[in-house]
Chemist: 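I have a structure I would like to understand better, so I am pasting it below and will then ask my questions one at a time.
Proteins come first, then strands; the chains are lettered A, B, ... in the order of their sequence lines, and each starts at number 1.
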Amino acid sequence: NAGVTQTPKFQVLKTGQSMTLQCAQDMNHNSMYWYRQDPGMGLRLIYYSASEGTTDKGEVPNGYNVSRLNKREFSLRLESAAPSQTSVYFCASRLAGPDYEQYFGPGTRLTVT
Amino acid sequence: AQSVTQLDSHVSVSEGTPVLLRCNYSSSYSPSLFWYVQHPNKGLQLLLKYTSAATLVKGINGFEAEFKKSETSFHLTKPSAHMSDAAEYFCVVSDDNAGNMLTFGGGTRLMVKP
């Protein structure tokens, strides 16, 4: 089992460029999440998908869009990158329900210059 | 609304001494609570979770946490620190009906001195 995989691992963008971060899980989980991690702020939820075909905003959705392509894949798109989006991005997945833990990918380190 | 406060941003202990990482939460519902660990440049790994069963929860690598509803706390402890415990630790609460909205604390960086 690969668990949760993310591509790319590192990316450098110029302000205004666009890119898509890819996430896939092979655990047959219903729910998938995108977080950003900034120093001293823990992880903040950008968007989540409770099940295939649904997506919802989290705490910090501005500047991002998501697509739940199928049950396995959940992508995060930056349409016009800004320096404030420099961060480490984590994808996670879990079974549906509050008692289940999330499984995290290894992260994507994004720098916007 | 739910929130999590990790009371110490940094904790430093000597190898072999006890570890205490403090977490307080607020929640509208009966919460599920988690502790995750993140080693440098790695993803997050689950240490333990509380889901309304036993209030004392045992996790991996000798860690445990006690859910205290009256104090709204979920502190993480370990009797004897090991050098490999040096990492960042996150307390997390999940209390919406569907369990979809998880809120993370700001993290506590644990340093272990030889």
Side-chain angles (χ1 to χ4, degrees), chain A residues 2-7 9-10 21 23 25 27 29-52 54-61 66 68 74 87-109, chain B residues 1-10 21 23-25 27-54 57 59-60 65 67 87-109:
Chain A
V4 180
T5 57
Q6 293 182 236
T7 55
K9 286 188 166 50
F10 301 93
L21 281 64
C23 175
Q25 53 90 11
M27 295 174 282
H29 287 169
N30 306 92
S31 304
M32 297 186 73
Y33 305 78
W34 276 106
Y35 293 91
R36 59 178 290 171
Q37 183 179 28
D38 302 293
M41 302 187 76
L43 272 72
R44 293 182 292 167
L45 182 65
I46 304 171
Y47 271 94
Y48 68 97
S49 171
S51 60
E52 190 178 354
T54 69
T55 60
D56 285 285
K57 294 178 181 178
E59 182 185 354
V60 289
V66 290
R68 183 76 183 265
F74 189 40
S87 189
V88 181
Y89 291 85
F90 287 98
C91 178
S93 70
R94 73 193 290 199
L95 291 168
D99 292 353
Y100 294 104
E101 66 270 27
Q102 293 187 329
Y103 292 79
F104 286 84
T108 295
R109 188 173 294 275
Chain B
Q2 58 196 24
S3 67
V4 179
T5 302
Q6 291 183 241
L7 296 159
D8 307 290
S9 60
H10 293 81
L21 305 183
C23 172
N24 285 105
Y25 70 91
S27 169
S28 305
Y29 299 96
S30 180
S32 296
L33 292 153
F34 308 83
W35 275 99
Y36 284 85
V37 60
Q38 185 181 30
H39 288 94
N41 299 314
K42 299 288 187 185
L44 280 75
Q45 179 187 17
L46 180 72
L47 273 180
L48 50 80
K49 65 179 180 180
Y50 166 77
T51 58
S52 75
V57 182
I60 61 171
F67 174 71
E88 187 141 24
Y89 293 79
F90 293 97
C91 182
V92 183
V93 63
S94 166
D95 76 345
D96 69 313
N97 281 342
N100 284 315
M101 296 296 286
L102 278 72
T103 300
F104 282 72
T108 298
R109 183 163 298 279

Chemist: Between B:Q45 and B:H39 (side chain of the first, backbone of the second, donor and acceptor by atom type, cut-off under 3.5 Å), is there such a pair?
Modeler: no

Chemist: Could you list the donor-acceptor pairs under 3.5 angstrom formed by side chains in residues 36-47 of chain A, with sequence neighbours left out?
Modeler:
{"unit_1": "A:R36", "atom_1": "NE", "unit_2": "A:D38", "atom_2": "OD2", "d": "2.9"}
{"unit_1": "A:R36", "atom_1": "NH1", "unit_2": "A:Y64", "atom_2": "OH", "d": "2.9"}
{"unit_1": "A:R36", "atom_1": "NH1", "unit_2": "A:S84", "atom_2": "O", "d": "3.2"}
{"unit_1": "A:R36", "atom_1": "NH2", "unit_2": "A:D38", "atom_2": "OD1", "d": "3.2"}
{"unit_1": "A:R36", "atom_1": "NH2", "unit_2": "A:D38", "atom_2": "OD2", "d": "3.4"}
{"unit_1": "A:R36", "atom_1": "NH2", "unit_2": "A:S84", "atom_2": "O", "d": "2.8"}
{"unit_1": "A:Q37", "atom_1": "OE1", "unit_2": "B:Q38", "atom_2": "NE2", "d": "3.1"}
{"unit_1": "A:Q37", "atom_1": "NE2", "unit_2": "B:Q38", "atom_2": "OE1", "d": "2.9"}
{"unit_1": "A:D38", "atom_1": "OD1", "unit_2": "A:S87", "atom_2": "OG", "d": "2.9"}
{"unit_1": "A:D38", "atom_1": "OD2", "unit_2": "A:R44", "atom_2": "NH2", "d": "2.8"}

Chemist: Name the region of B:K42, side chain, backbone, both or neither, that has any atom closer than 4.5 Å to a heavy atom of chain A.
Modeler: backbone

Chemist: Considering residues at least two apart in sequence or located in another chain, which fulfil the side chain to side chain donor-acceptor pair (under 3.5 Å) criterion with B:T108?
Modeler: B:Q6

Chemist: Please state whether the side chain, the backbone, both or neither of B:L44 comes within less than 4.5 Å of a heavy atom of chain A.
Modeler: both

Chemist: Should we say atom OH of B:Y25 is surrounded by more than 12 heavy atoms from elsewhere, each under 6.0 Å from it?
Modeler: yes

Chemist: Is B:Y36 in contact with chain A via its backbone, its side chain, both, or neither, using a 4.5 Å heavy-atom distance?
Modeler: side chain

